[in-house]
Amino acid sequence: MTSADFQGQAPDVARALIGATLLVDGVGGVIVETEAYDASEPAAHTHRGETPRNRAMFGPPGHAYVYRSYGLHWCLNFVCREAGHGAGVLIRALRPTEGLPDMRQRRGQQDERLLCAGPGRVGQALGITLAHYGLPLDRAPFQVLAPAEAGQAPVRSGPRIGISKAQQLPWRFGWADSPYLSRRF
DNA sequence: AAGTAGATGTTCT
DNA sequence: GAACATCTACTTA
């Protein structure tokens, strides 16, 4: 995918990413769950302005925003909209297709369904660290491949997980009934 | 199956 | 200090 694919509103990009393939150093799979975040809405890291942590989300779209969740987990986002806005899409779950032995080793987990079912698990399985912070998504080590037939994945939406603000926004998107979701819809 | 505790870095009050 | 875009291990049933 090209940087133009990330220039839409965060919920539109989040929906369009379901069914796309994400690889980091050749390891990854098909995106089955995402969440949209936007500076205009209080659950977003960017809502209160730019900080050292969220700086990448105020940069150009089509780049990686990586943050440490609960002091423990590395989570990966795709920056979207336009530079300066502070919007992004959290990658919450994949259906593993490439590099399963690497992911099993990194996760210490044999069950394929639990390799990438949650944003912290995706980060660990793909080896995401601060070294990926701000990197463009259209060059190594990243590969983001569009869905085989755009818009054909059976997408469902609902409230985002693990937030206390703006819970009414249905900005979580997922491949309906996939066994690789972090939670059922 | 469901609930709880505990791990811990960054940001905010 | 408290909250937080989370996960695991352990308890209780």
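In this text the structure is predicted, and so the values were computed from the model without any measurement.
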A:Cys116 side, atom SG; A:Leu126 side, atom CG - distance, nearest 0.5 Å
6.0 Å

Look at all strands and tell whether A:Gly71 reaches a base, only sugar-phosphate, or nothing, counting heavy atoms closer than 4.0 Å.
base

Length of the [atom1]-[atom2] vector between [X] and [N], whole Å:
X	N	atom1	atom2	answer
A:Ile128	C:dC7	CD1	C1'	17 Å
A:Leu181	C:dT6	CG	P	15 Å
A:Asn54	B:dT10	CG	C1'	11 Å
A:Arg183	B:dA2	CZ	C1'	13 Å
A:His73	B:dT10	NE2	P	15 Å
A:Arg48	C:dA3	CZ	P	14 Å
A:Ile163	B:dT11	CD1	P	20 Å
A:Leu72	C:dA5	CG	C1'	14 Å

Want to settle it: does A:Thr51 or A:Tyr70 sit nearer the 5' end of DNA chain B, counting the closest nucleotide to each?
A:Tyr70

Measuring centre to centre across the rings, with the benzene-like ring taken for any Trp, is A:Tyr37 within less than 6.0 Å of A:His47?
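That pair fails the under 6.0 Å test.
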
Assess the pair A:His45 and A:Tyr67: is the distance between their ring centroids shorter than 6.0 Å?
yes

Can you check whether A:Arg68 has a side-chain N or O nearer than 4.0 Å to OP1 or OP2 of C:dA5?
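For C:dA5, neither OP1 nor OP2 has a side-chain N or O of A:Arg68 closer than 4.0 Å.
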
Using a cut-off of strictly less than 4.0 Å, decide whether A:Ser164 has a side-chain nitrogen or oxygen near OP1 or OP2 of C:dA3.
no

Knowing that exactly one of A:Arg95, A:Arg183, A:Arg92 qualifies, which makes a salt bridge (charged side-chain N to carboxylate O under 4.0 Å, His left out) with A:Glu33?
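When salt bridge (charged side-chain N to carboxylate O under 4.0 Å, His left out) is applied between A:Glu33 and each of A:Arg95, A:Arg183, A:Arg92, only A:Arg92 qualifies.
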
So for atom [atom1], which belongs to [X], do other residues, nucleotides or ligands contribute more than 12 heavy atoms lying within a distance under 6.0 Å?
X	atom1	value
A:Gln105	CD	no
A:Arg184	CZ	yes
A:Glu149	CD	no

Could you work out the separation of B:dG3 and C:dA5 based on their P atoms and round it to a whole Å?
22 Å

Determine whether the side chains of A:Gln124 and A:Arg106 contain a donor N or O and an acceptor N or O closer than 3.5 Å.
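Side chains of A:Gln124 and A:Arg106: no pair found under 3.5 Å.
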
Looking at [Y], is its backbone amide N or carbonyl O close enough to the side chain of [X] to form a donor-acceptor pair, meaning the two atoms are under 3.5 Å apart?
X	Y	answer
A:His132	A:Thr129	yes
A:Gln143	A:Leu22	no
A:Thr46	A:Gly86	yes
A:Glu41	A:Ala43	yes

Is it the case that the base of C:dA5 and the side chain of A:Tyr67 share a donor-acceptor contact (distance under 3.5 Å, atom types as modelled)?
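Side chain to base: pair present.
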
Considering only [options], which nucleotide approaches the side chain of [X] most closely?
X	options	value
A:Tyr37	C:dT6, B:dT10, C:dA5	C:dA5
A:Arg107	B:dT10, C:dT6, C:dC7	C:dC7
A:Arg53	C:dC7, B:dT11, B:dG9	B:dT11
A:Met57	C:dA5, C:dC4, C:dT8	C:dA5

Can you pull every protein N or O that's under 3.5 Å from an N or O on nucleotides 9-11 of chain C?
none

Expected output check: what is the dot-bracket annotation of DNA chain B, where ( ) and [ ] are pairs inside the strand (brackets for crossing ones), | is paired with another strand, and pairs are Watson-Crick or G-U under 3.5 Å?
|||||||.||||.

Less than 6.0 angstrom from the centroid, inside 45 degrees of the normal: does A:Arg55 satisfy that with respect to the ring of A:Tyr133?
no

Going by number, which of residues 83-96 of chain A have a non-hydrogen atom under 4.0 Å from DNA chain C?
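Nucleic-acid contacts, sorted: A:Leu90, A:Arg92.
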
